[in-house]
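Each chain gets a letter, A, B and so on, in the order its sequence line appears, and its residues count up from 1. Because the structure is a prediction, the values reported are computed rather than measured.
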Protein chains: 2
Amino acid sequence: MADVAHRANVSTMTVSRAFKRDASVSADTRDRILKAAEELGYVFDSIAANLSSRRSGFVAATIPSINNANFADTVRGMTEGLRDSGLEILLGFTDYNVEEEERLVGQLLQRRPEAIIVTGGRHTPRCRKMLTNAGVPVVETWDLPADPIGHVVGFSNADAGRLMVDHFVKRGYLRLGFIGGDTSRDTRGLDRRRGFVAALQDRGLDALRVIASGVPPISMREGAAAMIEMISRWPDTQAVMCVSDLSAFGALMECVRRGIRVPDDVAIAGFGAYDLAEQSVPSITTIDVGAHEIGIRVAELVLDLLNGRRAPDDRVVLGMTPKVIVRQTA
Amino acid sequence: MADVAHRANVSTMTVSRAFKRDASVSADTRDRILKAAEELGYVFDSIAANLSSRRSGFVAATIPSINNANFADTVRGMTEGLRDSGLEILLGFTDYNVEEEERLVGQLLQRRPEAIIVTGGRHTPRCRKMLTNAGVPVVETWDLPADPIGHVVGFSNADAGRLMVDHFVKRGYLRLGFIGGDTSRDTRGLDRRRGFVAALQDRGLDALRVIASGVPPISMREGAAAMIEMISRWPDTQAVMCVSDLSAFGALMECVRRGIRVPDDVAIAGFGAYDLAEQSVPSITTIDVGAHEIGIRVAELVLDLLNGRRAPDDRVVLGMTPKVIVRQTA
DNA sequence: ATGAAAGCGCTAACAC
DNA sequence: GTGTTAGCGCTTTCAT
């Protein structure tokens, strides 16, 4: 920067200003500086700028997996919402694992993000503490935690499970099953199952048809295997909710392979409103949680908080409403 | 850090060492320091460490889109490969747009990555220049550029297109079509089309059945629409390659909806070896390019380069071989 | 194994 | 609109 300043006959401070958007530098001087920088092959050093200004210029976000269209949609929403703010997103993947999340959050906070966004409302005690003391806005998403750390933009996964029971019952299905993963890693998937089972019990329906198999996130293949197990253990099952559209698609394809008619012999529903569920033949009944909109709302919230348009101490809990999208499989 | 040092009765330098892995600090002193840090709620500041040590601790990577299972697999491979190196991945999305890539690369380089990985081998002149002058290892992936900037871990997209023509012809299909996007944004998809068309011409086959519709990456829905166009314009088409498994699935589902038998009436193939192609009924013939392995190899290469196990000036061009996975649709 | 001194390359704060 | 001064919070380097 000193070299550029010298070549343009100004001080480093003026060079610094010339590289900012709205700084007060005359057009003439700025042009001279940018030309000098170009000639010297100068590349601005954000790290030094960050240290000096005590602003890192990024927002940290953790998502369970990069390979999931739902979280990808949320990240896309955040990216769009933050586009013109000068903030970048520093992304980390927890692999559906709260211990990994703890490690990741520790790492991310060392990079001094201006806000931190986490997927889910359950964390290790140490992780909670780190987030609480982070000194920057914290947003939990994809959940509606009972005791939020900071702000929330999410929905109730249990309600999503209940909602599908309502839909099934309305259609006259009474012997209902649920397919999901077999560990406690995917806490949101677990919440959907809990809501599903609770709704069954509330209505006095059997709540035994639950297949837990495979490490979350369960895939198409595991959905197919679970469907086989479901219909062999409980051949009278009328409708099955799967923890995601991917497993629902796997279950559906298994039925197609075996000549089991969907929904005539058994109805199937998924979760997440993936493109796949819409394009599949038959199309898959699912639940839309507004993944993309979550991202947009999170970005808005973060910007409002950072720009002081919203006071840091007014806790925002933005609850979205999951909606059943009725299609052919149920 | 000074506060921690004071509380632990050491100098800041010793605190600094205590926070590194392999630094020479006595176990006793280290414990005392970590305890003091914990009590004070001290969080190490990576930004300052980065500035001082002139090492940012991350590798920058650009991918066209976060919502794509293929690139997600590559990123997963890189993440796994870099896990124990202390390097993090700073991810940017180009939206299949070389202008956006140029902007993004400019941003990323200001954060002083220790290496930069870009998807694809075509860039704006300015972008090429930035990468060339970056002073850190550059790896181009998912392509086999004629004139690489630095290192390459990829494959020939044109060969992938040719490969599918070979397969179609071997199966006796001679009236062949291609479905892809309608702009030049997805240069890799375009290369696959070029390879496909060139292979047709080499064999003296008609090369007119090409549908270009929709902004890349084309979706399931656009694949379906393109399939309708294909069979209405050229009803005698025997086999169609789609630019990706997603559009192939859309095309396939459209055929199912219309009672067109696949592959008896028309054969379909995709690209990318998505899970979807395997689980779909009928299962989709596709091309596997080893997306996950690309990520692993890139990570290995970057680590070798940064650790000096490989000289910076020996240009690595690692060509992977796309393979046809024969399934039911073709 | 530990410490002292001197920066890393920028920007805040204030001056003019 | 531009310049001067004094750091930001670490690590490098060289001692001991």
D/dT2 phosphate, OP1 or OP2, under 4.0 Å from A/S26 side-chain N/O: yes
Sugar-phosphate, base or nothing in reach of A/T29, heavy atoms under 4.0 Å: sugar-phosphate
B/S24 side chain, from C-beta outward: closest of D/dC10, C/dG9, C/dA1: C/dA1
d(CG, A/D45; P, C/dG9) in whole Å: 7 Å
Spacing of A/E300 atom CD and A/L318 atom CG [to the nearest 0.5 Å]: 9.0 Å
Can you name the atoms? Protein N/O to nucleotides 12-16 of chain D N/O, anything below 3.5 Å, with the distance.
none

Any B/T14 side-chain N or O less than 4.0 Å from OP1/OP2 of C/dT2: no
Give every donor-acceptor pair under 3.5 Å between a side-chain atom in residues 77-95 of chain A and any protein atom, sequence neighbours left out.
from	atom 1	to	atom 2	distance (Å)
A/T79	OG1	A/V75	O	2.7
A/E80	OE1	A/H292	NE2	3.0
A/E80	OE2	A/R76	NH1	3.4
A/E80	OE2	A/H292	NE2	3.3
A/S85	OG	A/L82	O	2.6
A/S85	OG	A/L87	N	3.1
A/T94	OG1	A/Y96	N	3.3

Rounded interatomic separation in angstrom, taking CZ from A/F44 and P from C/dC10: 7 Å
Nucleotide C/dG3, atom P - distance to NE2 of B/H6 in whole Å: 13 Å
Euclidean distance, atom CG of residue A/L51 to atom C1' of C/dG9 [Å, nearest integer]: 9 Å
Touch class at under 4.0 angstrom, heavy-atom based, for A/F19 against every strand present: nothing
Distance in Å, A/R103 CZ paired with A/N97 CG, rounded so as to fall on 0.5 Å steps: 10.0 Å
Phosphate OP1/OP2 of D/dC10: any B/T12 side-chain N/O under 4.0 Å: no
Qualifying residue for side-chain contact (heavy atoms from CB on, under 4.5 Å) with A/R30, from A/I33, A/D28, A/L34: A/L34
Whole angstrom value for the distance that separates C1' of C/dC10 from CG of A/N50: 10 Å
Audit row: B/H123, B/E101, side chain to side chain donor-acceptor pair (under 3.5 Å) steps and yes/no: CA-CA 8 Å; B/H123 318 279; B/E101 182 192 51; 2.9 Å; yes
Residues, nucleotides or ligands: over 12 heavy atoms within 6.0 Å of A/R55 CZ: no
Whole angstrom value for the distance that separates C1' of D/dG1 from NZ of A/K20: 17 Å
Whole angstrom value for the distance that separates C1' of C/dG3 from CG of B/N9: 13 Å
Whether over 12 other heavy atoms sit under 6.0 Å from A/K20 NZ: yes
Rounded interatomic separation in angstrom, taking CD1 from B/I33 and P from C/dA1: 13 Å
